[in-house]
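Values below: every heavy atom of this structure, side chains too, minus hydrogens, waters and symmetry copies.
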Amino acid sequence: MKKEIVINETADQIRIAITEDGKLAEIFVESPGKERMVGDIYLGRVARVMSGIRAAFIDIGHKQDAFLHFSDVDPNIDDYSSLIGEDSAEVDEDEDDTSDEDVGATAGTQTQQRETTTRGPRQQVAQRPQRPPQREIHLERGQSIIVQVTKEPVGKKGVRVTSKVSLPGRYVVLLPFDGRIGVSKKLYNFREKKRLRRIIRSLLPEGFGVIIRTVAEGKDEELLRSDLEQLVKTWREIEKSLKTEQPPILLYKDLSTVSSVIRDLFNNEVQRVVVDSRRLYKEITTYVKWFAPNLLEKIEFYRGKQPIFDVFGVAKDMQDSLGRRVALKTGGYIVIDPTEAMTVIDVNSGRYAASKEQEQNSLRTNLEASKEIIRQLRLRDIGGIIVIDFIDLEEERNKRKVYEELRREFRRDRAKATVLPMTEFGLVQITRQRIRQSIMQSFSEACPVCAGTGIVQSRATVFTDITGWLGRYKTNGNGRHLKLVVHPYLASYLKEGRPSHLFKLMWKHKVLIKLHQDPKIQVNTFKVFSVSHDREITEDFKG
């Protein structure tokens with residue numbers, strides 16, 4: 001698979017596109033006022049404790065308090081004794097394989113959510129252990145607490161945070177409150193894992209833990225040492241600020257979007273990085289020269305006259321990603337409808353097929369749709385609950401094929417996802433990790449006319465509102481000369497008919513109405529002015 005990173009800087013935005021085989025797979029955007037927050041560390045203050053939902057709200061100095069679920073509270077930092085070097089319990093390092101979730105650009109601190117690999121055939125057939133009892137969490141209002149942002153604010157919700165703090169580097173992730181040494185599950189070579197553990201164990205200061213990332217494979221001790229020392233130095237600086245600062249305050253700001261993408265995604269699988277900004281080109285080359293000088297030859301400065309996103313086909317894919325309907329090569333299409341609670345995706349064949357071919361045609365369309373849906377989920381960064389309504393299939397083996405195709409495509413996705421088998425009604429339920437705002441939220445805003453619903457009141461309904469307003473005016477107002485200001489779309493309705501709707505209004509209420517068209521006024525509203533008093537009187541007689 002051909003993978004490229006394309007970076008574009010404008011006066012007010014930096015956009016980073018990840019393409020796979022010439023198609024846009026992911027997009028990251030950074031603009032003034034919307035800087036990346038995942039990975040930032042704060043000294044916060046507990047604002048509210050909601051035991052009923054096992055969560056607390058933390059004041060970190062933002063407009064909205066951060067959300068901290070009890071499952072994200074680290075038991076090792078009930079007090080801050082660990083900050084002065086006290087050791088924490090260390091697990092058996094030789095049995096802790098940890099999944100690397102590409103900290104930073106997409107998931108921030110999600111690498112700390114670790115799972116232990118299955119160890120041996122006996123454990124595979126052993127009885128599943130019972131769910132452990134919920135851990136007691138003791139948080140009090142006003143209490144100081146160190147937290148790290150794991151999810152960007154979405155809609156009216158504030159950021160989500162964890163007290164399981166981590167500092168991501170190029171080759172390792174430092175765990176200040178966890179003494180274990182974990183290795184990415186994507187590192188399969190046993191001897192290499194053992195070598196990396198031995199090196200890190202000899203370098204790691206007492207009381208710290210580490211996750212060894214996939215890109216550490218084959219790297220020499222000096223590179224690992226430099227990466228680890230820089231992370232430890234950063235944490236020591238955070239410790240110093242804790243002794244003098246009062247909450248709420250930002251303790252640590254993670255890398256910019258560009259630097260974090262380069263840190264986490266630029267590896268040997270990437271064919272090239274192309275950037276159209278001299279400033280960013282210099283910043284990237286300086287950074288890469290430090291951690292991976294062998295990758296420098298893959299970085300290119302774009303000198304073309306055409307916009308870089310046009311040349312790489314990114315602009316068109318971005319525009320398509322904002323649409324509700326996505327076409328498939330087979331002639332079918334998918335429709336993506338985000339709602340408050342979930343995202344609903346409908347798969348349609350788009351054309352009729354003979355009944356004897358219907359099963360195979362439906363399967364073919366569903367399989368193609370599966371690939372495109374996963375690409376769209378990644379591209380649009382859609383998280384939460386997702387329900388897909390596939391074309392009906394009769395045979396169970398075909399339903400299974402669609403399910404397996406979805407799971408296979410999700411392997412490219414760095415966000416955690418759970419896929420359930422297809423139901424008898426052709427529905428597939430998915431939950432996908434939500435980290436930041438979706439592309440729709442980043443590149444668009446709610447329509448000021450329809451408030452994001454996609455629909456407005458009918459002209460007949462607005463006409464009824466005007467009729468009611470005139471009825472109240474006739475009862476309580478005075479004066480027979482009015483000026484009615486409406487959108488041209490509504491004005492055309494008022495002029496319809498013989499006699500027109502507007503003439504009927506004037507005849508019924510015995511008033512003279514001068515119609516004025518204003519394209520700036522909302523379609524479903526109107527304004528009324530008194531000609532004799534030369535002022536707006538709309539609110540005076542509203543119901």
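Sequence neighbours left out, the pairs with a member in residues 300-322 that pass ring pair (Phe, Tyr, Trp, His ring centres under 6.0 Å) are Y281-F301.
Without hydrogens or angle criteria, Q433 side chain to A415 main chain gives no donor-acceptor distance under 3.5 Å. Panel note: side chain E192, backbone L187; no donor-acceptor pair is recorded below 3.5 Å. The backbone N or O of S226 sits nowhere less than 3.5 Å from a side-chain atom of E229 that would complete a donor-acceptor pair. Side-chain N or O atoms of H69 include one that pairs as donor or acceptor with a backbone N or O of S71 at under 3.5 Å. S51 places no side-chain N or O within 3.5 Å of a backbone atom of R54 that could act as its donor or acceptor partner. In terms of modelled atom types and a separation under 3.5 Å, the side chain of Q148 and the main chain of G39 share a donor-acceptor contact. In this structure, the side chain of S184 does not engage the main chain of I212 through any donor-acceptor pair within 3.5 Å. With hydrogens and angles ignored, the 3.5 Å screen pairs no side-chain donor or acceptor of K2 with any backbone N or O of G22. Between the side chain of R197 and the backbone N or O of I181, at least one donor-acceptor pair lies under 3.5 Å. With hydrogens and angles disregarded, no donor-acceptor distance shorter than 3.5 Å links the side chain of Q64 to the backbone of V159.
Surrounding CZ of R195 are more than 12 heavy atoms belonging to other residues, nucleotides or ligands, all under 6.0 Å away. Heavy-atom neighbours of R141 CZ from other residues, nucleotides or ligands within 6.0 Å: at or below the threshold of 12. The environment of NZ in K371 is sparse: at most 12 heavy-atom neighbours from other residues, nucleotides or ligands sit within 6.0 Å. Taking a 6.0 Å sphere around NZ of K253, one finds it holds more than 12 heavy atoms contributed by other residues, nucleotides or ligands.
When side chains are defined from C-beta on, M342 counts as touching T339, because their heavy atoms get closer than 4.5 Å. Taking 4.5 Å as the limit, some side-chain heavy atom of V147 sits within range of a side-chain heavy atom of I60. Two residues are said to be in side-chain contact when any heavy atoms from C-beta on lie closer than 4.5 Å; I336 and I382 meet this criterion.
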Trace of the side chain to side chain contact (heavy atoms under 4.5 Å, CB included) decision for V6 with I308: CA-CA 8 Å; V6 185; I308 187 171; 3.7 Å; yes
Working for side chain to side chain contact (heavy atoms under 4.5 Å, CB included), residues T19 and I5: CA-CA 6 Å; T19 66; I5 300 176; over 6 Å; no
Determine, stepwise, if the pair R408 / E405 fulfils salt bridge (charged side-chain N to carboxylate O under 4.0 Å, His left out). CA-CA 5 Å; R408 185 160 44 248; E405 183 68 20; 2.6 Å; yes
When you look at E20 and R378, which way does the salt bridge (charged side-chain N to carboxylate O under 4.0 Å, His left out) test go after all the steps? CA-CA 12 Å; E20 295 175 356; R378 294 174 60 202; 2.8 Å; yes
Between D254 and R263, does the salt bridge (charged side-chain N to carboxylate O under 4.0 Å, His left out) criterion hold? Intermediate values first, please. CA-CA 12 Å; D254 199 14; R263 177 190 65 194; 3.5 Å; yes
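For R170 and D227, the salt-bridge test fails: no basic side-chain N is under 4.0 Å from an acidic carboxylate O. Ionic pairing of K23 and D21 is not present here: no N-O contact between side-chain nitrogen and carboxylate oxygen is shorter than 4.0 angstrom. Using a cutoff of 4.0 Å between basic side-chain nitrogens and carboxylate oxygens, D178 and K164 are not scored as salt-bridged. Classification of E4 and R272 as a salt-bridged pair holds, one side-chain N sitting under 4.0 Å from a carboxylate O. R375 and D413 are not joined by a salt bridge, as no carboxylate oxygen comes within less than 4.0 angstrom of a charged side-chain nitrogen. With respect to the salt-bridge test (charged N to carboxylate O, under 4.0 angstrom), the residues E30 and R15 do not qualify.
Distance check: R380 CZ to E26 CD gives 14.5 Å after rounding to the nearest 0.5 Å. Interatomic distance, L406 CG to I388 CD1, rounded to the nearest 0.5 Å: 5.5 Å.
Note that R160 lies outside the cation-pi zone of F67, set by a 6.0 Å cut-off to the ring centre and a 45° limit from the axis.
Between the side chains of E283 and S259, at least one donor N or O lies within less than 3.5 Å of an accepting N or O. For the residue pair S277 and E9, a side-chain donor N or O sits within less than 3.5 Å of a side-chain acceptor on the partner.
Judged as a ring-ring contact (aromatic ring centres under 6.0 Å, His included), and not counting sequence neighbours, F70 has no contacts.
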